[in-house]
Each structure stands twice: as structure tokens, then as C-alpha cells.
Novice: 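My structure is below; once you've seen it, I'll send some questions.
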Amino acid sequence: MHHPSFLVVALLCLLPVVGWSQEAPAPEKQVVSIDHANELRMLQRASVQRLIGEVELSQDSIFMYCDSAELVSEVQLYAYDNVVVQQGDSIAAFAQYLDYNAETLLAKLRNEVVLKRGQTELFTDRLDYNLATKLATYHTGGRVTNAGTELSSTHGYYYADNRNVYFRDSVLVVDERFEMRADTLRYDLANERVYFLGPTVIRSDTHNIYCESGYYDVALDEAVFRTNAQYRSGERLAAADSIQYFGNRQLYVLEGDAYVAEGKFQRATAERINYFRAEDRYQLAGNATVIDSAQTVSGDSIDYNAVTASYAVSGGRPSVSNPPMIMTADRMYSDEVSGLGRAVGNIVWEDTTAKLKIEADEARYDQSTGYLKASGGRNGRALLTTFLDQDTLFMAADTLLSVRSDDVDAQGDTVRYLSAYPDVRILKSDLQAVADSLGFNTVDSVLTLYQNPVLWQDTSQLTADTIDLYLRNEQPDRVHLRRNAMVITSPDLIFYNQVKGKDIVAHFDSSQLKRTEVKGNAEAIYYAQDDQGAYIGVNKTACSMMVLYFARGGVERIKFLSAPSGRLDPMDAVNHEGYRLDGFRWEDRRRPRRFEDLFARPPELQ
């Protein structure tokens, strides 16, 4: 007669689709009953009964069938050929040999062993069960199948009391969705969880997962992978202290030194990374960084779409870097339609090669091309800072636009083009300027002011329709005043030297105005001084071309390049207030003298 231990041996229950019923109680009687046999022989003075043909045996609710058997003292049973053990309607075991002891509660099934419950089947050649310890084991290899899933291992241990099963050594699970190889697995039947107790590899058509500890929730299709946890899909590799998997949402959660890499350039690191596989999208949190071929993006949190290479960054002063360009802001994200990045709040952008810094409140940018359009900030104005002639130059405007060229200058540095508009204001300790708009490029170091521009240097004021400021070795070299040009100087802000012409080129020496070359309809009003600086008269002269030389804010001498017409009048013979050339205007109210003046309301609105 068979023992109820065979019910427990149903390792088939390891698979999630089959539950487990209450354990069968131990048999009350400790003998095996003979229910049927075609032939019965008594051996060894009736201590051994040999049964032949259609043998049927039982011990309480356990029923056993075989072709032949030997029953020793109604306790020890040896069953041969076509052995069947059945418990109720759901459990059946098949083998070619059975060794069963009704007193020690030890049972051994051998040769072509099959254990069935519903759609689940266990195959092995040697299966042992100890009813005293409620442990069923196999050690020569076993295989379990259920509804397209197959599990095999060298060793198997089933603890019936706590309903846990261990598979050890060369564990292999094959499913239509994945293949799993492991060193050791534990299956908690009560909670339907498989625990990984050693190196484990899970493979599917789209990804591989490796870990050395963790668990898989069969019912929920959820998992946690720990200890050297890694995920690989194509060129994409992910690793973290732990990786959680949520099957229904196709979500992977990487926590603790989370890392994702793809191809040669792309990298993502954070304290936590959520990867939505169906959308190919990442959510990074905690010291987050994303690196691709164009830039490095950092922040407290990053939402990154790998399909469109777009992102949103916030918290912890996000930054995006593509040396020599670096930018930080309160929030950053990219526009999937335009492909441009957008930064908002307390923006600081730097180009270390061009020695430029821009501060603004909102910006659109493309780090791969070096494009930046910044606006807003203090009083709604963006600020540019750079170093010129070992001095800081500040420039403010409503909008600043910077574009990097693929060309390089003579020093091998990248060429950058800069535009500013409207209401441009420039402040440097020895030079100030205002204009409606501005353009600058680093290849020839020319700064151009457009629409009603004014340039101040010390006591000199320069105006024209357009002003070109040429820099050499980071110092003002000359200024070209184009159309309706005028230079006004005044050492005392009482009397004004005036030079007017179609075009004027003003030359500087150490940021001081030294001479002006006036071409086309040249006119000049200048106050002559003696060696002690006293005024001796005022001269009004006109000719086609002239050169004026300046010293200490006044006209030192004048050179006429064509026949002049004019006269020298005594100081008391002239109404100095009305002694002005056409187009004269002294724009002192527009002149920015302090840092705060870059952001104040325009004088005409005050």
C-alpha cells in the first residue's frame, strides 16, 4: 500500500498556475492492506507475501497499483512495473519501482517516475519522500512541466510544513516568455513567490537579467532583483543595487547607484531610475545625469525619452554641459517638436572658450550646435558678462542670441556669433554704449551697434546710424561711425568739441580716444586752449576730410586734408549754448554708469 507522502511529493505545485491543497494527515494504521491480486504466494513462512497480476494495495486513503509486489510483514512494500499511486482525483504518481515502509514513513519511487496534478507533471528517475520530516527530494535530476512552462534542476527539496521548495544546481526554467538559469531557487507556495538564492540569469527575446538574490511574484508578474543586478537589452545595459520589475506596466525600477548605458555615448546615472519599456522612457531621480553624444544633462530629477532624445530636468540646479558650453537653471526640458532644449529660472550659461557668460530667466538652446536664445531675468532683461582688456564688460538686453559656427579662428578657437536686442546697454569701466540692437563675432572681433547707437569713452560721445567697434587683443582698437557720424568731447561738460561727417573712424590708445579721421562733408567745432588749458577761442571749420588729434579730453590739433573754410572766434563773441552742429545731441541721460543702470527703465519712460 502506498503512503500519503506521495501526495506531498507533487512538486508540480511549484508552478504558479497550480495551487496546493491542505496536507494529507499521516496514516492512522501502519500496515499496508492488500485489496486485490490475481495471485498470492506466501514466502519465508508467510512473512513475505508475493502478489502477481493486477495488484491493488492501500493504506488509509492512499491507493497503489502495480503488476507485481512483495509485502514484508505488512510493513515493507516493494512494487514492480507499471506502478501507480493515487490520492483522490487530482494526484497520480507513476514509476517502474516503489520502495515503501509504512512504519518509517519512507518512500522511494524509481525509474521513469512521473508525478501528475492537473496540467502539471514532474519527471525524474529517483524521487524520495520522508513523511516524518515531510521532505520530498530528488538528486539525479528532475523536470517539471506545466502549460508550456518547464523547470528542471539536479536537486530538488520540498518542505511540506512551510510549503517551500528548493531547486539547486543547474536550475533551468523555460517558458514561452523567457528562459531562466540559476544556481538555487526557493519557491514559496503560500505566497506564490520564487526566490533567487544564487547567481540567476533570465533571458527573453528582448532582454537579459542577471542577479544573485531577489524574488519573482508569479501571480502579479512582478520581481525584485538584487546583488549585482543587471539588465541588458540590445546595446542597452542597466545595473543597480536592486531592480524591480512590474510586468503589467512593463516598468523597471532601478534603485541605488542606478546606471543605464546604451551604445558608445549614452549614459544615465541616478539614485533611482524608472524605465518604462513600452514607451522607451526614463525617469531619473537623485543626482541624475544623462550623457549622450551631444551633451551632459544633470539635475535632481530627469524625465528622458529615448525615442525622441528629449528630456525635462528639475530640482537641484539642473545643468546641461557640452564643453566648452555649460548651463544651469531651475528647470530644463526639451521640445520634442523643435528638438530644442528649454531652460527656465535663474539661468547661467557659459562658453569657456569664448569667455562669455549669460544670465537669464528663460532660454532655448541646442548644445550640439551651440545655439542659445536667452531672455528675461532681472527686470525682464538678460545679462552677458565677458572679460575685455583685463576688465569686466557687462551687456544687458531683452534678448540675447548666441550661435556657434563650425569655423575656427586663427588661434583654433570656435567662432561664435552674438546678437542682442532690443534696448542694448553696455557697461565697462572705461567704455559704455547703448543701441537698439547689437551684433558680434569672434572671428574678426567686431562689435556692431544698430539703430540710434551711442558709444561713450571717458569724456567722448560717439553717435552714428551704425557703429562698428573693432577689438584687438581684447582691447578697443578703433571705432567706425557709419553715416551721420558725430564725435563730441567735453573735458568740463561746459564746452563741447564737435566733429561731424559722413563717416568717422576714431582710434583708441589704451582705451583713450587719440584721433578721429572724418570723411565726407567734414565739420568741426573745437575750443582752442593755451598751454595752461585756458580757452582762447572757438573754431568752426568745414572741409571734405580732416583728422583731429585729442589729448586730455580736448582737441590737441587738427589736420585738414583739403582746403578748409572757417574762422576762430573769441570766447565772448559766441553764444556757446547755441553753437552746435546739426544733429548735435548730448545723450548723458542714456549713459549707463552703474551696474543697476543696465536694468533700469529707459530714460524716456522714467
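Owing to the predicted nature of the structure, the values given are computational and were not obtained by experimental measurement.
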Novice: With sequence neighbours left out, write down each residue that passes salt bridge (Lys or Arg N to Asp or Glu O under 4.0 Å) with Glu103, or none if nothing qualifies.
Specialist: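 So Glu103 forms no salt bridge (Lys or Arg N to Asp or Glu O under 4.0 Å) with any residue.
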Novice: Applying salt bridge (Lys or Arg N to Asp or Glu O under 4.0 Å), can you list everything that pairs with Asp303, at least two apart in sequence or on another chain?
Specialist: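 Expected list: Arg281.
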Novice: Does Ser301 use its side chain to pair, donor to acceptor, with the backbone of Ser314 at less than 3.5 Å?
Specialist: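 Checking the backbone N and O of Ser314 against the side chain of Ser301, a donor-acceptor pair under 3.5 Å is found.
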Novice: Which residues pass the side chain to side chain donor-acceptor pair (under 3.5 Å) test with Arg249, sequence neighbours left out?
Specialist: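 Arg249 satisfies side chain to side chain donor-acceptor pair (under 3.5 Å) with no other residue.
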Novice: Which residues pass the ring pair (Phe, Tyr, Trp, His ring centres under 6.0 Å) test with Phe94, sequence neighbours left out?
Specialist: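 So Phe94 forms no ring pair (Phe, Tyr, Trp, His ring centres under 6.0 Å) with any residue.
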Novice: Residues two or more places apart in sequence or in another chain: which of them pass side chain to side chain donor-acceptor pair (under 3.5 Å) with His36?
Specialist: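 Partners of His36 under the side chain to side chain donor-acceptor pair (under 3.5 Å) test: none.
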Novice: Residues two or more places apart in sequence or in another chain: which of them pass side chain to side chain donor-acceptor pair (under 3.5 Å) with Glu271?
Specialist: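 For Glu271, the residues satisfying side chain to side chain donor-acceptor pair (under 3.5 Å) (neighbours in sequence not counted) are Asn287.
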Novice: Who passes salt bridge (Lys or Arg N to Asp or Glu O under 4.0 Å) against Arg181, sequence neighbours left out?
Specialist: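 Salt bridge (Lys or Arg N to Asp or Glu O under 4.0 Å) list for Arg181, sorted by chain: Glu179.
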Novice: Please list, chain by chain and in numerical order, all residues satisfying salt bridge (Lys or Arg N to Asp or Glu O under 4.0 Å) with Arg168, sequence neighbours excluded.
Specialist: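 Partners of Arg168 by the salt bridge (Lys or Arg N to Asp or Glu O under 4.0 Å) criterion come out as none, since no residue qualifies.
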Novice: Are Val313 and Val320 close enough that some pair of their side-chain heavy atoms sits under 4.5 Å apart?
Specialist: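 Side chain of Val313 against side chain of Val320, heavy atoms only: no contact under 4.5 Å found.
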Novice: Ring pair (Phe, Tyr, Trp, His ring centres under 6.0 Å) with Tyr333: which residues, sequence neighbours excluded?
Specialist: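 Ring pair (Phe, Tyr, Trp, His ring centres under 6.0 Å) list for Tyr333, sorted by chain: empty.
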Novice: Mind telling me whether Tyr216 and Phe178 have parallel, tilted or perpendicular rings, with 30° and 60° as the class edges?
Specialist: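 Phe178 vs Tyr216 ring planes: perpendicular.
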Novice: Check for a donor-acceptor pair, side chain of Asn111 on one end and backbone N or O of Asp125 on the other, with a separation under 3.5 Å.
Specialist: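 Absent.
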Novice: For Tyr275, check ring pair (Phe, Tyr, Trp, His ring centres under 6.0 Å) against everything at least two apart and list the hits.
Specialist: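 Partners of Tyr275 under the ring pair (Phe, Tyr, Trp, His ring centres under 6.0 Å) test: Tyr282.
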Novice: Just to verify, what does Phe225 make a ring pair (Phe, Tyr, Trp, His ring centres under 6.0 Å) with, not counting sequence neighbours?
Specialist: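 If we apply the ring pair (Phe, Tyr, Trp, His ring centres under 6.0 Å) test to Phe225, skipping adjacent residues, the hits are Phe196.
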Novice: Below 3.5 Å, can you tabulate the donor-acceptor pairs from side chains in residues 62-71 to any protein atom, sequence neighbours excluded?
Specialist:
residue, atom, partner, partner atom, Å
Asp67, OD2, Asn82, ND2, 2.7
Glu70, OE2, Arg50, NH1, 2.8

Novice: Does the Ser334 side chain pair with the main chain of Tyr311, one donor and one acceptor, at a distance under 3.5 Å?
Specialist: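 The answer is yes, because a donor-acceptor pair under 3.5 Å joins these two groups.
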Novice: Anything under 30° is parallel, anything over 60° is perpendicular, the rest tilted; go ahead and classify His139 against Tyr157.
Specialist: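 Ring orientation, 0 to 90° scale: perpendicular.
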